[in-house]
Amino acid sequence: MTDVVIVGAGPVGLVLAIDLGQRGVRCTLIERKPAPQFLPKMERCNARTMEIFRRMGIAERVRAAGLRADVPMDVFIIRAMNLPPLVHHRYPSVGEARREIDACVDASMPLEPYQLISQYTLEPLLKSVAETLPTVTVRYGCEFFSCTQDASGVKTETSLGAITSKFLVGCDGGSSAVRQQLGIALNGEGDLLRLRQGLFYCEELFDRIPIGNGPGHGRHYHVADERASFLIMQDSTRHWTLHAVLDDDAAMAPQFEKTIGVPVKYEMLYVGEWKQNLLLADRFGKGRVFLAGDAVHLVIPTGGLGMNGGVGDAMDLGWKLAATLQGWGGPRLLESYEVERRQVGERNVAASRYASLGRRKWRSLWRNLEELAAVAEVEQRKSNEMVGAELGYRYVGSPIIADEPDGPEHDFRRYIPSTWPGARLPHLWLEGHVAAQDLIGTGYTLLRLDGSHEATALEQSFRALRAPLQVLDIGDRKARALYGHDLLLLRPDLHVAWRGNRPPEDPRALAKLVTGNR
């Protein structure tokens, strides 16, 4: 018997398996494919995902496998690669972004920069990490058929036999068989646009991109045409994906040649079709069965909120499952998963729609390139500047957060550091260039920015529930000024559960609240 069955070994399922495994939870990850596939899907881990990977201890492995740190993340709008760009938006390389973060003193930046890494590189890496964990079993070539549940557990029927567990999590994508088994619908805007995607191998293109006077290095090249064409550089700099509205697969190679504009040697490795959707599930689970990632939210890949949002789901659910299985998580803890992550899904769908409408606006002007360039100068930034959605999301109305009235507005584009209950703890460098986030353990943490406050009563309250609590003293005036309160109670996922300038009036009630026991 296993404690948790995870269906689907994409990045979301693998991250959940790693998180559970690192917490000592027995879990079985099943995937119908025989092995990770060499198919282009996501290609960027955003800053929040990289912070999560840092806490898992794998951030540097991800960076070593991904795009090298000196390559800029620029975005171009072009007629073809051999012509001067219509629009050029400059974004720093990972190395440049890291230097900016190192110099940041106002908590306005993440602890980790983004990382371009193709899904076909990331999945095998995460698989290799999961397989090293003694409590994790990884089964490829194992297809989910059905599941039934009762008050004590879940029975999952698979192509390799039945598996019994306490919980099941469907991380099996947009056509999720687990979601369909539960009878949960997706609602929103589906099949907005159909594009073909081609994966090309070209050894020479990166070194001789003919844009303008410079090397023309970047990650996205949007073509001002009637085909909605855009070219994406993958992490090797030798693989490229082209997306375009075309009638048949055979048209992809000529479209690639037209986009490049100069003769190059290449090989077309794959062609497939995909649809743009803006959909959200009515529920994020039922009973002992939960859903995460594309199984519950499908967004247009503008702003990079798809896979990255799914990693956020996995991190929210992982510690709550572990706490429940370890006996200290109360019944409201798992209830909070849907409350918290569905609102993030709603905001991510809205942010993706906002960015997509901006892109459609400039693309509709392809017959008038001068006007297109003027509009795209503003509108295309919406797709590439989503730091508020990445770092500034805040859980509102959660049953396990001691919320406060009102609260800051949610802003897709801007990140304003905040310790408002429900927000992620802002990254801050402490004395000695130590990151505050790196000091936070895997349980709850009472961050004491004024050591004069007594914490014994709260410690006793957590101990009575057998819930882990660390009291961490940070005698740093700058930290107190930026975080705004003497005391911050942090959850295992670095979100603020409570804050104050004096110890809680009823520490037992607070401990019960944040652990889901009230």
Side-chain angles (χ1 to χ4, degrees), residues 46-49 51-52 107 110 187-188 278-285 290-293 296-297 299 303 305 308-320 323 329-354 386-427 444-445 447 483-485 487-500 504 509-518:
N46 70 20
R48 179 59 181 139
T49 294
E51 286 184 346
I52 289 168
N187 282 294
L278 291 167
L279 299 169
L280 186 68
D282 293 340
R283 296 282 306 280
F284 273 40
F290 298 89
L291 300 165
V296 279
H297 45 72
V299 299
L305 300 174
N308 292 291
V311 169
D313 296 342
M315 292 310 296
D316 188 270
L317 184 57
W319 72 270
K320 293 172 181 177
R332 305 209 73 185
L333 200 61
L334 284 174
E335 288 177 19
S336 72
Y337 169 67
E338 179 168 324
V339 175
E340 295 181 352
R341 293 309 299 178
R342 194 173 191 281
Q343 61 186 260
V344 174
E346 287 176 343
R347 289 198 290 269
N348 285 351
V349 167
S352 180
R353 180 184 294 111
Y354 164 82
M386 284 283 185
V387 65
E390 292 180 23
L391 302 176
Y393 62 91
R394 175 173 56 86
Y395 299 135
V396 180
S398 171
I400 62 167
I401 288 174
D403 209 349
E404 299 174 12
D406 301 319
E409 292 291 324
H410 295 285
D411 190 327
F412 302 146
R413 301 280 298 278
R414 293 185 307 149
Y415 171 61
I416 300 173
S418 173
T419 59
W420 199 277
R424 154 196 161 276
L425 180 73
H427 157 58
Y444 290 86
T445 299
L447 202 60
Y483 286 159
H485 287 75
L487 300 166
L488 300 177
L489 180 60
L490 306 174
R491 311 184 329 178
D493 58 358
L494 287 182
H495 283 262
V496 178
W498 170 87
R499 63 181 181 175
L510 178 60
K512 287 183 176 181
L513 174 74
V514 301
T515 58
N517 284 285
R518 174 186 167 188

Query raised in the report: So, are Arg491 and Asp316 salt-bridged, with charged N and O less than 4.0 Å apart?
Result: yes

Query raised in the report: Step by step, would you call Arg48 with Asn308 a side chain to side chain contact (heavy atoms under 4.5 Å, CB included)?
Result: CA-CA 8 Å; Arg48 179 59 181 139; Asn308 292 291; over 6 Å; no

Side-chain heavy-atom pair [X], [Y] within 4.5 angstrom cut-off:
X: Tyr415; Y: Pro426; value: yes
X: Pro408; Y: Ile416; value: no
X: Arg341; Y: Tyr395; value: yes
X: Val296; Y: Asp313; value: yes
X: Leu291; Y: Arg283; value: no
X: Ile400; Y: Leu333; value: yes
X: Asn517; Y: Arg332; value: no
X: Val396; Y: Asp403; value: yes

Query - Euclidean distance, Leu494 CG relative to Thr445 OG1, rounded to 0.5 Å - result: 8.0 Å

Query - Inter-residue atom distance Asn46.CG - Leu391.CG, 0.5 Å rounding - result: 7.5 Å

For [X] versus [Y], what's the shortest heavy-atom pair and its separation?
X: Ala497; Y: Val514; answer: CB-CG1, 3.8 Å
X: Ala389; Y: Leu305; answer: CB-CD2, 4.0 Å
X: Gly422; Y: Ile401; answer: CA-CD1, 3.6 Å
X: Glu340; Y: Ser398; answer: OE2-OG, 2.6 Å
X: Val349; Y: Leu278; answer: O-CD2, 3.8 Å
X: Leu510; Y: Ala402; answer: CD1-CB, 4.2 Å

Query - Test side chain to side chain contact (heavy atoms under 4.5 Å, CB included) applied to Glu335 and Lys320, step by step - result: CA-CA 10 Å; Glu335 288 177 19; Lys320 293 172 181 177; over 6 Å; no

Report task. Would you please say whether a donor-acceptor pair under 3.5 Å links the side chains of Arg499 and Tyr483? Result -> no

[Y] backbone acceptor or donor facing [X] side chain under 3.5 Å:
X: Ser418; Y: Trp420; value: yes
X: Asp411; Y: Gly388; value: no
X: Thr515; Y: Ala511; value: yes

Report task. Please state whether the rings of Trp319 and Tyr444 are parallel, tilted or perpendicular, taking 30° and 60° as the class boundaries. Result -> perpendicular

Query - Ring geometry between Phe290 and Tyr337 (parallel below 30°, tilted from 30 to 60°, perpendicular above 60°) - result: perpendicular

Report task. Carefully, step by step, assess Thr419 and His485 under the rule side chain to side chain contact (heavy atoms under 4.5 Å, CB included). Result -> CA-CA 8 Å; Thr419 59; His485 287 75; 4.2 Å; yes

Query raised in the report: Picking from His495, Glu51, Glu390, what satisfies side-chain hydrogen bond (donor to acceptor under 3.5 Å, both in side chains) with Arg424?
Result: Glu51

Query raised in the report: Passes side chain to side chain contact (heavy atoms under 4.5 Å, CB included), Tyr354 versus Arg413? Steps please.
Result: CA-CA 11 Å; Tyr354 164 82; Arg413 301 280 298 278; 3.1 Å; yes

